[in-house]
Amino acid sequence: MADVRQPGFPTALAAVAAGALVSSWSTGLLASRYPAMSSAVWAILTSIAGAACLKLVLRALQYEIAFAFAAGALLAGRVAGLLLGQAMPDLGGHALPGLPTLGLYSCVPTLLLSTWLVQLTGGRRRFVRY
C-alpha cells in the first residue's frame, strides 16, 4: 500500500473482525428469536450493525470510512462466504466457537475480502506526514 492515508492490513483486519463479531452475534441472536424471517433480511440488518462497529473501531484508530462502504464491505464478505459455501458445501459446515454464523473455512476468505475493501475505501481523518 503506497498511500499512508489508507489503513494498513492489520488495522483494517481488526476493524473488520470487530464488525464481523457484532454481525455474527446479532445474526445468531435474532435468527434464533425470530426464525420466520428470511436469512437475507438478517444478513442485511446485521451487516448494518456490524458496519456501525467497524466505523467506530476505525474512528478510534483515527481513520474514517463512509457508513455505506463499511456495510458494503461486510455484506460483500457475507455474500462471498455464501457463494463459497454453495460451491463447496463440505467446508462451511463447522461453525467457529463464539461465531454462530461464520463457518470455519469460509470465514478466512470473507474476512480477507472485507479487509481489502475497507483498505480501499478507508482513509485518515487528518493527514499526518512523516
Side-chain angles (χ1 to χ4, degrees):
M1 177 164 315
D3 193 2
V4 296
R5 292 174 281 188
Q6 292 177 322
F9 183 78
T11 304
L13 183 62
V16 166
L21 279 172
V22 168
S23 180
S24 176
W25 286 339
S26 58
T27 298
L29 178 71
L30 293 172
S32 65
R33 188 169 178 138
Y34 302 105
M37 289 186 70
S38 170
S39 63
V41 172
W42 290 127
I44 293 169
L45 291 177
T46 58
S47 291
I48 292 171
C53 181
L54 189 149
K55 188 169 175 70
L56 287 174
V57 169
L58 280 181
R59 185 170 285 178
L61 297 171
Q62 299 297 319
Y63 289 99
E64 189 64 43
I65 189 169
F67 188 77
F69 288 136
L74 289 177
L75 199 55
R78 183 165 292 197
V79 168
L82 289 174
L83 290 176
L84 188 62
Q86 292 291 325
M88 294 178 275
D90 295 337
L91 296 181
H94 309 289
L96 290 172
L99 300 173
T101 60
L102 293 178
L104 181 61
Y105 296 107
S106 63
C107 181
V108 174
T110 62
L111 287 177
L112 291 177
L113 175 65
S114 296
T115 300
W116 179 67
L117 291 172
V118 166
Q119 277 186 294
L120 289 178
T121 57
R124 280 225 183 255
R125 287 201 305 191
R126 54 190 168 94
F127 180 66
V128 178
R129 186 177 297 268
Y130 296 103

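Under the 4.5 Å side-chain criterion, counting only non-hydrogen atoms from C-beta, F67 is in contact with I48. Side-chain contact between L45 and L30 is absent, with no heavy atoms from C-beta onward closer than 4.5 Å. Using a 4.5 Å cut-off on side-chain heavy atoms (C-beta onward), F9 and L112 make contact.
Linking Ile, Leu, Val, Met, Phe, Trp and Tyr whenever their side-chain heavy atoms come within less than 4.5 Å puts Y63 and L54 in one cluster. The hydrophobic clustering, which links ILVMFWY residues whose side-chain heavy atoms are closer than 4.5 Å, places L75 and L13 apart.
Atom CD1 of residue I65 and atom CG of residue L120 lie 9.5 Å apart, to the nearest 0.5 angstrom.
Residues meeting the side chain to side chain contact (heavy atoms under 4.5 Å, CB included) test with V57, sequence neighbours left out: A15, A18, C53, L61. For A17, the side chain to side chain contact (heavy atoms under 4.5 Å, CB included) criterion is met by no residue, not counting sequence neighbours. For L83, the side chain to side chain contact (heavy atoms under 4.5 Å, CB included) test picks out V79, with sequence neighbours left out. Every residue meeting the side chain to side chain contact (heavy atoms under 4.5 Å, CB included) condition with L113, not counting sequence neighbours, appears here in chain and number order: A76, A80, W116, L117.
Annotation: side chain to side chain donor-acceptor pair (under 3.5 Å) contacts involving residues 13-22, sequence neighbours excluded, are absent. Listed by first and then second residue, the salt bridge (charged side-chain N to carboxylate O under 4.0 Å, His left out) pairs involving residues 31-49 amount to none (not counting sequence neighbours). Pairs passing the salt bridge (charged side-chain N to carboxylate O under 4.0 Å, His left out) check and including a residue from residues 6-16, sequence neighbours excluded, do not occur. For the salt bridge (charged side-chain N to carboxylate O under 4.0 Å, His left out) condition, the pairs that include at least one residue of residues 42-57, sequence neighbours left out, are K55-E64.
A pairwise comparison of heavy atoms in A12 and Q119 identifies CB-CG, 3.7 Å as the closest pair. Between T46 and R78, the shortest heavy-atom distance links the atoms OG1-NH1, 3.4 Å. Scanning all heavy atoms of the two residues, the minimum distance from L74 to G50 falls at CD1-C, 3.3 Å. Among all heavy-atom pairs drawn from A49 and V22, the shortest one is O-CG1, 3.9 Å.
Distance alone, capped at 3.5 Å, is enough to place a donor-acceptor pair between the S114 side chain and the A73 backbone.
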Under the side chain to side chain contact (heavy atoms under 4.5 Å, CB included) criterion, do L58 and T11 qualify, and how do the steps go? CA-CA 8 Å; L58 280 181; T11 304; 4.2 Å; yes
